[in-house]
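So the structure is just underneath, and the comments pick up after that.
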Number of protein chains: 4
Amino acid sequence: MNLGRLNFDRPLIHKIIIMSPRTKEQIEEIRNTRINEIFDASLELFAENGYHRTSISMIAKKAGIAKGLIYNYFKSKEDLLTLLVIDGFGDFKELMISKYKKIDSKEKFRQLIDDSFNLVMQNKHHWRLYYSLLLKTEIMNLISNKLYEMFMPFMKSITEYFIIKGSRNPKTEAILLFSAMDGLCIGYFSAPKIFPFDEATKILTEKFE
Amino acid sequence: MNLGRLNFDRPLIHKIIIMSPRTKEQIEEIRNTRINEIFDASLELFAENGYHRTSISMIAKKAGIAKGLIYNYFKSKEDLLTLLVIDGFGDFKELMISKYKKIDSKEKFRQLIDDSFNLVMQNKHHWRLYYSLLLKTEIMNLISNKLYEMFMPFMKSITEYFIIKGSRNPKTEAILLFSAMDGLCIGYFSAPKIFPFDEATKILTEKFE
Amino acid sequence: MNLGRLNFDRPLIHKIIIMSPRTKEQIEEIRNTRINEIFDASLELFAENGYHRTSISMIAKKAGIAKGLIYNYFKSKEDLLTLLVIDGFGDFKELMISKYKKIDSKEKFRQLIDDSFNLVMQNKHHWRLYYSLLLKTEIMNLISNKLYEMFMPFMKSITEYFIIKGSRNPKTEAILLFSAMDGLCIGYFSAPKIFPFDEATKILTEKFE
Amino acid sequence: MNLGRLNFDRPLIHKIIIMSPRTKEQIEEIRNTRINEIFDASLELFAENGYHRTSISMIAKKAGIAKGLIYNYFKSKEDLLTLLVIDGFGDFKELMISKYKKIDSKEKFRQLIDDSFNLVMQNKHHWRLYYSLLLKTEIMNLISNKLYEMFMPFMKSITEYFIIKGSRNPKTEAILLFSAMDGLCIGYFSAPKIFPFDEATKILTEKFE
DNA sequence: GATGAATGAGCGTTCATTCAT
DNA sequence: AATGAATGAACGCTCATTCAT
């Protein structure tokens with residue numbers, strides 16, 4: 001036996017099977033999926049029961065995850081709420097920017113009102129939640145900046161339309177229209193089965209166009 | 001007899017008190033006073049902090065009574081809430097019955113709208129609370145009968161006025177007006193310092209009168 | 001039948017058996033009893049397991065009460081801890097004030113040291129707890145004022161004794177003595193079965209007297 | 001052959017990576033580096049916030065590694081703690097063995113005390129941590145053997161010195177000195193800004209030399 | 001070796017409600 | 001009628017630890 005032929009310092013060449021950690025992209029994808037699952041579960045529960053009567057446990061159960069995981073993605077229940085609300089305005093914001101920067105005809109005005117109400121009806125959970133928070137000062141303070149950013153384009157376009165129309169007080173008339181639309185949505189959400197939503201929106205449009 | 005053996009410090013198991021006689025009326029009066037004290041305290045605290053952030057302890061402290069006593073008058077916190085809300089509509093109901101059974105002129109219509117908004121402004125706490133509950137299904141279910149009783153006279157008078165005016169869809173137009181008024185009030189409560197409430201109500205009246 | 005003879009307005013005389021609410025004294029007594037029960041349970045558990053490893057549940061269970069009740073008496077777990085620690089210094093404070101305002105002989109100095117160590121041995125739980133907190137900055141900040149008030153008389157008397165003895169640096173020597181005593185106690189608590197506490201305190205006294 | 005039918009985007013179940021060969025030494029080196037990074041991060045955080053208020057996440061973040069990796073090197077958080085404490089005594093142990101096996105003069109005794117305190121001041125984080133654990137029975141049980149091994153040479157040398165000096169109870173006097181030193185260090189760590197550490201250590205030395 | 005998403009037990013705390021007095 | 005001590009379920013949240021990758 002000649003041990004001298006063996007070189008113990010020579011690096012051993014292995015083939016090592018290594019479970020690589022997930023790539024950043026994979027993690028990003030997981031996170032997005034999870035966040036959306038949490039959003040979906042929260043939105044439904046908040047809209048159904050209200051914020052205070054919905055517990056983190058309920059959300060976790062509905063989303064099919066462990067309670068603690070929610071805190072990997074959101075700092076607190078309140079943080080989840082505000083991000084959820086803001087997230088829900090995405091479509092509205094986009095619509096305003098892409099289509100209604102300028103309203104120069106009665107026809108376009110009608111379309112704006114119509115599209116707005118349609119968006120609400122397509123995202124009922126979100127808008128119901130939003131309206132249920134309108135009088136919660138502490139929540140509104142947290143998202144008022146975002147709300148301003150969201151609704152200002154709408155208000156601006158409407159106001160300009162009323163100026164063109166020759167309104168005596170275009171700004172206030174825009175606020176009134178806005179409030180009336182809110183009132184209709186709230187009325188609808190308060191009693192969806194019996195509220196004559198479509199007819200009422202039609203009359204509203206006629207009164208302001 | 002050895003009085004020394006009697007322990008006068010021994011606690012009395014029951015204290016039997018011979019009450020100064022109270023008539024049923026006196027008792028009723030005490031109850032009403034207490035209930036109003038509890039209502040006042042609750043209303044203020046609910047308006048300030050919201051329902052969930054107001055505890056029974058806080059209400060008791062503010063009303064100057066013991067926690068347990070509240071349960072002599074109300075079955076539960078929710079029961080207190082619903083009775084409180086209903087109680088606050090008293091003025092509105094009375095006004096509708098006494099003054100606006102029949103609206104037969106533009107002038108009277110204007111007065112109705114004006115008086116309604118004034119009532120809201122005079123009982124801000126109550127109306128703020130009411131609006132904050134509008135989308136809480138479980139609360140609304142409990143008081144919907146009372147609400148119907150309260151608002152139906154108003155709706156009826158308005159609808160009749162719109163019929164007289166020749167509206168194509170008087171009932172829906174009444175609902176729209178009603179919703180718009182709610183929207184204005186909610187808008188006002190949401191941002192009382194900057195909301196152009198008086199101007200907006202004026203324009204609203206003009207649009208519907 | 002002559003109903004006219006009945007006076008329905010005449011107040012009805014009842015004997016009403018009323019369960020009177022507890023008197024203030026009774027309540028005060030209950031509260032003191034409860035507080036002491038909580039103190040006893042906490043002291044033992046904190047001394048045994050440390051502050052962080054002792055949960056409010058454990059304290060409640062040991063005290064034989066419901067978890068929530070602890071919060072009727074203490075604002076928080078930290079509040080309980082600080083009040084508990086301060087409470088435990090009562091004897092020491094009293095001893096210093098009543099007996100050791102002035103130390104004018106070697107004999108009295110010996111007695112002071114002896115009495116101090118005896119107090120520690122008589123309230124082992126308290127002193128063990130205190131020493132276990134010495135390096136917890138956030139706790140010490142909360143009670144440092146009380147500690148100052150507690151130990152200053154001791155330090156003052158000792159310092160004066162060292163001045164009389166002609167020490168070059170009486171204040172620092174007092175601090176050294178104080179620290180050495182702490183060191184002995186900590187050493188004892190760290191290994192009570194094998195630490196030669198009595199012999200060590202004797203030598204300590206000889207070195208400083 | 002139809003390559004088009006192969007889905008190259010299909011995620012690989014395992015990624016088999018052929019590692020560049022690593023010698024055992026290299027692996028060992030990596031491990032030591034990691035362990036020291038974890039030690040450094042832990043020591044600082046424990047000293048800053050205490051053991052219970054420092055989470056594994058915080059340590060991982062500070063050490064710049066992933067949470068899970070810590071469990072490759074330590075069985076548990078408590079395991080990390082004990083190994084960290086023991087590791088920190090290295091200098092002290094070495095000093096005792098190399099320089100103070102025999103103390104045969106007042107001069108050398110003074111040097112020992114001085115060097116000991118200097119070591120503490122040079123490794124404040126470590127010693128503060130050690131003292132904060134002195135009364136945690138469950139931790140001390142885990143490291144008592146190591147502590148014995150660490151401090152016994154010190155105790156032995158001191159005891160022998162006191163024997164030479166003709167002390168009546170050299171062993172207990174050594175324990176007393178040891179405890180007093182601990183007391184001084186704890187006093188210093190408890191209030192580093194105002195504690196007269198240097199003066200106190202000088203007086204201590206004089207009393208025992 | 002390295003990652004960080006995921007778990008779930010357990011924490012301190014709150015509070016509507018009960019009940020002996 | 002009135003008191004407030006007492007309860008205990010439930011809450012939001014933390015974190016040591018695991019494990020698929």
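Each chain gets a letter, A, B and so on, in the order its sequence line appears, and its residues count up from 1. Just so you know, these numbers use all the heavy atoms, side chains as well, and skip hydrogens, waters and symmetry mates.
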Taking E:dT21, F:dC11, F:dT21 as options, the one with an atom nearest any side-chain atom of C:P21 is E:dT21

Would you sort out whether D:E28 and D:R31 count as a salt bridge (Lys or Arg N to Asp or Glu O under 4.0 Å), showing the intermediate values?
CA-CA 5 Å; D:E28 194 64 21; D:R31 288 187 69 86; 5.2 Å; no

To the side chain of B:N72, which of E:dA5, F:dA1, E:dT17 is closest?
F:dA1

Of the nucleotides F:dA2, E:dT3, F:dC13, which one has an atom closest to the side chain of D:A66?
E:dT3

In whole angstroms, the gap separating C1' of F:dA1 from NZ of B:K67 amounts to 18 Å

Can you tell which of E:dT21, E:dA2, E:dA6 lies closest to the side chain of A:L69?
E:dA6

Taking the side chain of A:I30 as heavy atoms from C-beta outward, which of F:dC15, F:dT17, E:dA5 is closest to it?
E:dA5

Listed nucleotide nearest any side-chain atom of D:Y71, set F:dA16, F:dT7, F:dA6:
F:dA16

Sorted by number, the residues of residues 36-51 of chain C with heavy-atom contact under 4.0 Å to DNA chain F
none

NA contact type, C:T33, heavy-atom cut-off 4.0 Å: base, sugar-phosphate, or nothing?
nothing

By the 4.0 Å heavy-atom rule, please label D:F74 as base, sugar-phosphate, or nothing.
nothing

Residue A:I27, side-chain heavy atoms: nucleotide from E:dA5, F:dA2, E:dG1 that is nearest
E:dA5

Between E:dT3, E:dG1, E:dA16, which nucleotide gets closest to the side-chain atoms of B:K77?
E:dA16

Just the dot-bracket of DNA chain E, please: which string comes out with Watson-Crick or G-U pairs under 3.5 Å, [ ] for crossing, | for another strand?
.||||||||||||||||||||

